[in-house]
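When a ligand or atom number is given, it counts from 1 through the structure's own listing order.
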Amino acid sequence: MRPRGAFSDLITRRRLLATAATGALWSSMAKAEQLANLPLPGGPDARSITTAFPQKGSMILQRTRPPLLETPFEVFDRGTLTPNDQFYVRWHWADIPTHIETDKFSLVVRGHVNQPLSLSLQDILALPRVELVAVNQCSGNSRGFFQPRVSGGQWANGAMGNALWTGVRLKDVLDKAGVKPGAVQVRFKGMEQPVVEDGPHFMKSLEIDHARDGEVMIAYAMNGEQLPLLNGFPLRLVVPGWYATYWVKMLNDIEVLDQPDTNYWTKVAYTIPDTPHASIEPGQTNVRTIPINRMVPRSFVTNPASGNTVKAATPVTFRGIAFGGDCGVEKVDISIDHGQTWRQTQLGKDEGKYGFRKWETQLIFPAQGEYGFQVRCTNSNGVSQPDAPNWNPAGFMRNVVESIRIVAI
Ligand SMILES: Nc1nc2c(c(=O)[nH]1)N[C@H]1C(S)=C(S)[C@@H](COP(=O)(O)O)O[C@H]1N2
Ligand SMILES: [Mo]
């Protein structure tokens, strides 16, 4: 672990960032160098790989303006922490600052508080430092697999990532400002601008008790480095166990509210049916909706890949990652007989309940032929992944038991 204070380079590395970001961001983005095989039901089967975005390596290009970049799935086989240069990217508006004057930057805390604040990065770095490993997952991760298909970013499974986040407690910042009695929510705003007149600025709100739970964090570093620009440099909110829509990037404005937030991004967008698994029948109407909130358990095979060939009657190792959602992983089970029987895998080191957990198992395919290999996570609240996919018109919260195809020869 780095010594305390190592992030003071945040305030001196502005020029480097500015050079990396300016120009490259919007000019040559769609330079497709190769294609990724990423079949979605009904197509497309291939996506462009891009390396044209600042501070990013090979990424699957979903959209250029605003940038939507997906992590190539093989990255998840390399370790539990997702490298910054291949961590997925999602923005709602394209007018994103391409460099930040770090010595002029301030985080404003205002609204229903005793003492409005304007904090410099140095002020933030002076607060007690906290660290946490947590999964950041888009509500629409895996949306491309919804059937019937739904509109929105056509992600496969790479709109998620796991990182070590370093920063300060949101609670400490709110305490410094002194929240007044009667506060109900806290609203967070990012620095980017809407690209259409009267477009709603990106903002999200949390209940006051959630905001002050001591876990919600204002992060200034990711995996021991400053945040990549596209992942929210210089500050972003980290809301462990909750979908990434709440993890506001380029955070520079915090407003304590004495009335529930009615802004578009909290009240209208990012709502889910208030039903089990947020699932409804396609076409179903008059469904009560609520804001999306806690994540649910998921697990994936990272090796071998679907369609791979293995030897029958010989031990084969399978491995992957799982996460519990809003709590830790209790167990990860696998099945090769369409879910009739399940067996438990060995779990890797627990790096924190909100993070990815490795699983691994050895098994023997008794005979030659084609098999479905299924993987299912049960979290420490006793919640398991469902056998059938959920459906809702926004394509949110997919967490069906994953299945890959294996050919034993
Ligand atoms: N300022 C700002 N923060 C934001 C968003 C945004 O559009 N603007 N999108 C949110 C959504 S929906 C997601 S999925 C995550 C993506 O985080 P990442 O780009 O670091 O992976 O950022 C969240 N924070
Ligand atoms: Mo998202």
task = Give the C-alpha distance, both sets of side-chain angles, the deciding distance and a yes or no for side-chain contact (heavy atoms from CB on, under 4.5 Å) between V332 and L347.
result = CA-CA 7 Å; V332 174; L347 295 182; 3.7 Å; yes

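- Side-chain N or O atoms of N390 include one that pairs as donor or acceptor with a backbone N or O of M397 at under 3.5 Å.
- Given atom 12 (S) of ligand 1, the protein heavy atom at minimum distance is Y270 OH, 3.0 Å.
- Distance from atom 24 (N) of ligand 1 to its nearest protein heavy atom, with residue and atom name: W247 O, 3.0 Å.
- Close approach of ligand 1 to V248 (heavy-atom distance below 4.0 Å) involves ligand atoms 3 (N), 24 (N).
- By the 30° and 60° cut-offs, the orientation of the rings of F356 relative to F323 is tilted.
- For atom 21 (O) of ligand 1, the nearest protein heavy atom (residue, atom name, distance) is Y88 O, 2.7 Å.
- Checked for salt-bridge contact, K358 and E360 miss the test: no charged N lies under 4.0 Å from a carboxylate O.
- Proximity to N231 (heavy-atom distance under 4.0 Å) selects the following atoms of ligand 1: 18 (P), 19 (O), 20 (O), 21 (O).
- S142 and N157 are linked by a side-chain donor-acceptor pair at a separation below 3.5 angstrom, with hydrogens and angles left out of the test.
- Shown are K56, R90, Q55, Q226; of these, the side-chain hydrogen bond (donor to acceptor under 3.5 Å, both in side chains) with N231 is made only by K56.
- Side-chain contact of T378 with E330: a donor-acceptor pair under 3.5 Å is absent, judged by distance alone.
- Here the heavy atom of the protein found nearest to atom 8 (N) of ligand 1 is E192 OE2, 2.6 Å.
- If you check which protein heavy atom lies closest to atom 3 (N) of ligand 1, you get K249 N, 2.8 Å.
- For the side chain to side chain contact (heavy atoms under 4.5 Å, CB included) criterion with F53, the lone passing option out of L229, L61, V89 is L61.
- Atom 7 (O) of ligand 1 has its closest protein heavy atom at H92 ND1, 2.6 Å.
- Residue-ligand proximity, C138 to ligand 1, at heavy-atom distances under 4.0 Å covers atoms 14 (S).
- At a 3.5 angstrom cut-off on N or O pairs, T245 does not count as close to ligand 1.
- Close contacts of ligand 1 with G190, meaning ligand atoms under 4.0 Å from a residue heavy atom, involve 1 (N).
- The shortest separation from a heavy atom of K204 to ligand 1 is not under 4.0 Å, leaving the residue out of contact.
- Between D77 and R319 there is a salt bridge, since a side-chain N of the basic residue sits under 4.0 Å from a carboxylate O of the acidic one.
- At a 4.0 Å heavy-atom cut-off, ligand 1 touches N136 through the side chain alone.
- Residue-ligand proximity, V89 to ligand 1, at heavy-atom distances under 4.0 Å covers atoms 19 (O).
- When non-hydrogen atoms are compared, ligand 1 lies under 4.0 Å from neither the backbone nor the side chain of Y246.
- Electrostatic pairing of R110 and D253 counts as a salt bridge here, judged by a charged N lying under 4.0 Å from a carboxylate O.
- For ligand 1, the atoms lying closer than 4.0 Å to a non-hydrogen atom of W91 are 1 (N), 2 (C), 7 (O), 8 (N).
- Nearest to atom 23 (C) of ligand 1 by heavy atom, out of S139, A244, G153, is A244.
- In the candidate list F202, W155, F87, F202 is nearest to atom 4 (C) of ligand 1, counting heavy atoms.
- Annotation: E370, atom CD; neighbour count of heavy atoms from other residues, nucleotides and ligands within 6.0 Å is above 12.
- Remark: of the listed residues L257, V248, T262, L257 is the sole one forming a side chain to side chain contact (heavy atoms under 4.5 Å, CB included) with S205.
- If you check which protein heavy atom lies closest to atom 20 (O) of ligand 1, you get R236 NH1, 2.6 Å.
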